[in-house]
Structure formats: C-alpha cells, structure tokens
Amino acid sequence: MMELHVWEGEAKYGLPSMDLKSLQMMAYVKFSGAPVTIIKSSNPFKSPTGKLPVFKCSEGAFSEFSEVTTFLRKQNFSCDYELSARQCSEVVAYEQLMLEKLYPALIYLWWVEPKSYYEVTHKWFFSNMPFPHKFWYPRRYHQGYCDLINSMFDDPDDSQLVETELHKQAQECLTMLSNRLGDREYFFGRTPSTIDAVIFSYLALLLKVDLKVPVLQNHIKACPNLSRFVSKAVQRFFPSEGLRGAGSRESPGKDDMPHKGRNLLLSGLVALSAMFGYAIAAGLVQVDMGEQPIEEEYDYEYDDYNNEEGSSGE
C-alpha cells in the first residue's frame with residue numbers, strides 16, 4: 001500500500017495543497033495514475049516521519065520528490081514514457097532552471113517578504129496547525145528561509161535590491177516557460193510529464209494565492225498560456241479543489257456575520273490565555289510572588305523547541 005501524506009490545501013484559493021513539495025508529489029501521483037492514497041494534514045507530527053510531505057511505501061518513507069518518482073517508476077508508474085532521451089535531458093535542465101531562478105523568489109514572497117508572511121503565510125499556518133505547534137513551526141521556517149535568502153546576497157540588508165533582483169530572475173524564468181509551452185497543453189508530449197508536475201506546483205502557488213506583492217502573479221496572468229496550464233491541471237486532476245475554490249469566492253456579506261468581530265475578539269482572548277497557560281506549564285514563564293518581580297524576556301514560541309531540536313533534528 002502506498003500513502004502520500006501532504007500539507008492540506010486552502011478552499012478559497014482552490015489549491016490542493018499550500019506547500020510546494022506536497023504539490024509536486026501530488027501532481028506526479030495524479031499524472032502517473034499511481035494507486036496512491038493521499039492523506040492531507042496540517043499536523044506534520046502525525047505523519048509516519050514527523051514531516052510533511054512524506055511518501056510511505058514498501059521500501060520505507062521518502063520525503064524528496066526525486067525519491068518518490070524513482071520508486072514509482074520502478075513500479076511502472078511514470079509520467080515520462082513518451083519522452084525521448086533529449087526531452088528527458090531538457091526536463092532535468094528545466095528543473096535546475098526553476099530551482100535557481102524561481103524557487104528563491106517563491107520562498108521570498110511566501111516566507112520572507114513581511115506583508116505576505118504575516119498576513120498570508122503565517123496567518124494560514126497559525127489558523128490550521130494544532131496547538132502548541134502553531135506558535136513555533138511557522139517562525140522556524142520563516143527564520144530558515146530568511147537565512148537562505150540572506151546568504152545569496154552581499155548586502156542582504158538592502159531589501160529593495162534583494163526583492164528587485166529576485167523578481168527579475170523569476171520573471172525571466174516565467175517568460176522562458178511561457179515561450180516553451182507555446183500553444184501546447186503540456187510542456188512535452190501529449191500527456192503531462194515530470195516537468196509539468198514541477199512547473200505546476202510553482203505556478204499554482206504564485207498564481208492562486210493573493211500575496212501582498214503580486215508582481216509574479218501579475219506576470220503569470222500576463223502569460224495566458226501559463227494561466228490556462230494551471231487552471232486546466234486543477235480542473236482535470238484536482239476537480240474537487242477547483243469547485244471548492246469557486247464556491248469559496250462567494251464570501252458572505254456583513255449582514256450574514258453580525259457577530260464576526262465579537263467572535264474574533266473572543267477567539268483571540270482564548271488563544272492568548274491558552275498560550276500563557278502553556279508557557280507556565282512548560283516552565284517558560286515563572287510567577288514570582290515576592291516583593292520585586294523580575295521580568296525576563298523569553299521567546300516562548302521558539303526557544304524551548306530549539307532545546308529539543310538539538311537532540312532530535314527535524
């Protein structure tokens with residue numbers, strides 16, 4: 001039995017997953033027709049390895065896209081049977097191109113750019129992940145990706161320069177992809193291949209999620225063939241997600257939710273109380289009943305986890 005545990009999607013965006021690697025694996029499974037059970041979750045600690053995504057099979061558990069595709073090919077489930085040797089080489093070249101040009105811009109817009117991170121990415125993970133993981137998991141990814149982006153530039157403090165360069169590289173890559181696709185339905189052959197799964201995952205996250213810096217979203221929209229490629233892939237291989245996305249766009253009016261503000265306030269107070277209680281129980285916050293209380297600044301979201309991370313790792 002083969003299982004694929006992935007990050008869940010978001011109905012209002014019509015996305016089967018809100019994670020790049022999860023989308024790649026899901027798309028390949030769908031494109032290849034492999035009999036894989038897809039299990040969506042927002043709690044990685046319930047997966048077989050404590051991570052998402054993960055592919056569980058007779059040979060173990062795999063967390064890398066290349067490992068999944070290699071195993072499925074051994075089981076005679078491949079997207080690339082119709083490709084020539086030259087086309088297979090092109091697939092590898094395009095994968096590397098996106099890793100160098102598009103991936104940095106994607107993680108920057110999702111995890112580093114302040115407005116998108118706090119108002120979209122962090123908000124989604126915090127709303128969907130269980131307590132107490134929601135308090136440190138998004139921030140851990142945020143810090144890791146900030147370090148990665150900073151390592152790519154000589155002057156990472158110049159945020160305008162960093163953003164401009166990342167957008168430039170990504171736009172060049174998107175234009176090349178648009179030119180390569182042309183009027184075809186898929187990038188190689190008459191059926192979707194591995195490269196279609198990879199490209200779909202990038203384009204879907206950039207096109208469908210309303211990030212606060214929509215430069216790349218607008219660029220994809222200006223390439224109608226790329227937009228159609230994403231829409232058709234969702235409709236054909238993830239039809240239920242497309243319907244959910246269409247339905248969720250019809251949001252209720254103010255009169256339909258008269259107590260929304262009150263409910264949000266109550267939810268915030270409950271979350272704050274729970275967070276404080278957890279901090280006390282975990283020993284992160286101590287209450288001194290003496291005459292002169294001493295206040296210590298503590299990173300309740302992350303510090304305690306670092307102690308565990310040093311011994312167990314991700």
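Along the sequence shown, residues are numbered consecutively beginning with 1. This is a predicted model, so every value here is computed, not measured. In what follows, every heavy atom counts, from backbone to side chain, and hydrogens, waters and symmetry copies are set aside.
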Nearest heavy atoms of [X] and [Y], plus distance in Å:
{"X": "F188", "Y": "I195", "answer": "CD1-CG2, 3.3 Å"}
{"X": "V120", "Y": "Y13", "answer": "CG1-OH, 4.1 Å"}
{"X": "L52", "Y": "V6", "answer": "CD2-N, 3.8 Å"}
{"X": "M18", "Y": "L15", "answer": "SD-CD1, 4.0 Å"}
{"X": "S42", "Y": "P44", "answer": "O-CD, 3.7 Å"}
{"X": "E10", "Y": "W124", "answer": "OE1-NE1, 2.7 Å"}

Applying a strict under-4.5 Å side-chain criterion to I, L, V, M, F, W and Y, I'd like to know whether [X] and [Y] cluster together.
{"X": "L97", "Y": "V92", "value": "no"}
{"X": "V68", "Y": "V54", "value": "no"}
{"X": "F77", "Y": "F237", "value": "yes"}

Inter-residue atom distance [X].[atom1] - [Y].[atom2], 0.5 Å rounding:
{"X": "Y145", "Y": "R140", "atom1": "OH", "atom2": "CZ", "result": "10.5 Å"}
{"X": "T37", "Y": "M2", "atom1": "OG1", "atom2": "CE", "result": "8.5 Å"}
{"X": "S22", "Y": "L4", "atom1": "OG", "atom2": "CG", "result": "7.0 Å"}
{"X": "K56", "Y": "E3", "atom1": "NZ", "atom2": "CD", "result": "5.5 Å"}
{"X": "L207", "Y": "L216", "atom1": "CG", "atom2": "CG", "result": "11.0 Å"}
{"X": "S17", "Y": "F238", "atom1": "OG", "atom2": "CZ", "result": "9.0 Å"}

Is there a side-chain contact between L211 and V213 in this structure, where contact means two heavy atoms from C-beta onward sitting under 4.5 Å apart? no

Are the side chains of Y202 and L174 in contact, using a 4.5 Å heavy-atom criterion? no

Listed once per pair and sorted, the salt bridge (charged side-chain N to carboxylate O under 4.0 Å, His left out) pairs that draw on [range], sequence neighbours left out:
{"range": "residues 116-126", "value": "E119-K212"}
{"range": "residues 65-85", "value": "E82-R190"}
{"range": "residues 13-25", "value": "K21-E64"}

Only distances under 3.5 Å count here; give the side-chain donor-acceptor pairs of residues 222-234 to other protein atoms, sequence neighbours excluded, each with its distance to 0.1 Å.
residue: N225; atom: OD1; partner: S178; partner atom: OG; Å: 2.9
residue: N225; atom: ND2; partner: S178; partner atom: O; Å: 2.8
residue: N225; atom: ND2; partner: S178; partner atom: OG; Å: 3.3
residue: N225; atom: ND2; partner: G182; partner atom: O; Å: 3.2
residue: S227; atom: OG; partner: I220; partner atom: O; Å: 3.1
residue: S231; atom: OG; partner: S227; partner atom: O; Å: 3.1

Working note: W136 + Y141, criterion ring-ring contact (aromatic ring centres under 6.0 Å, His included); need CA distance, chi angles, decisive distance, verdict. CA-CA 9 Å; W136 55 262; Y141 269 90; 9.5 Å; no

Has N179 got a side-chain atom pairing as donor or acceptor with M176's backbone, closer than 3.5 angstrom? no

Okay, side chain of T164, backbone of L161: is any donor-acceptor separation there less than 3.5 Å? no

Donor-acceptor contacts under 3.5 Å from residues 98-112 side chains, at least two apart:
residue: E100; atom: OE2; partner: Q96; partner atom: NE2; Å: 2.9
residue: K101; atom: NZ; partner: Q169; partner atom: OE1; Å: 2.5
residue: Y108; atom: OH; partner: E163; partner atom: OE1; Å: 2.8

Run through Y117, Y118, F135, F131 and flag the one making a ring pair (Phe, Tyr, Trp, His ring centres under 6.0 Å) with F126.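 Of the listed residues Y117, Y118, F135, F131, the ring pair (Phe, Tyr, Trp, His ring centres under 6.0 Å) partner of F126 is F135.
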
Can you confirm whether more than 12 heavy atoms, excluding those of M152, are under 6.0 Å from its CE atom? yes

Side chain to side chain donor-acceptor pair (under 3.5 Å) against T191, all qualifying residues, sequence neighbours excluded: none

Sequence neighbours left out, what passes side chain to side chain donor-acceptor pair (under 3.5 Å) with E113? Give chain and number order. S116

For N43, give me all partners under side-chain contact (heavy atoms from CB on, under 4.5 Å), at least two apart in sequence or on another chain. S41, F45, K46, P130, H133

Under the side-chain contact (heavy atoms from CB on, under 4.5 Å) test, residues paired with P214 that sit two or more places apart: Q217, N218

Is there a donor in the side chain of T175 and an acceptor in the side chain of H219, or the other way round, less than 3.5 Å apart? yes

Please state whether the rings of F125 and W7 are parallel, tilted or perpendicular, taking 30° and 60° as the class boundaries.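 F125 and W7: perpendicular rings.
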
State which residues pass ring pair (Phe, Tyr, Trp, His ring centres under 6.0 Å) with Y94; sequence neighbours excluded, sorted by chain then number. none

Which donor-acceptor pairs under 3.5 Å do side chains of residues 23-33 form with protein atoms, sequence neighbours excluded?
residue: Q24; atom: NE2; partner: S201; partner atom: OG; Å: 3.4
residue: S32; atom: OG; partner: Y28; partner atom: O; Å: 3.0
residue: S32; atom: OG; partner: V29; partner atom: O; Å: 3.2
residue: S32; atom: OG; partner: A34; partner atom: N; Å: 3.4

Criterion side-chain contact (heavy atoms from CB on, under 4.5 Å) on S193 and Y186, from CA distance to verdict: CA-CA 8 Å; S193 62; Y186 301 110; over 6 Å; no

Quick test of your reading: applying ring-ring contact (aromatic ring centres under 6.0 Å, His included), list the pairs with at least one residue in residues 147-166, sequence neighbours left out, ordered by first then second residue. none

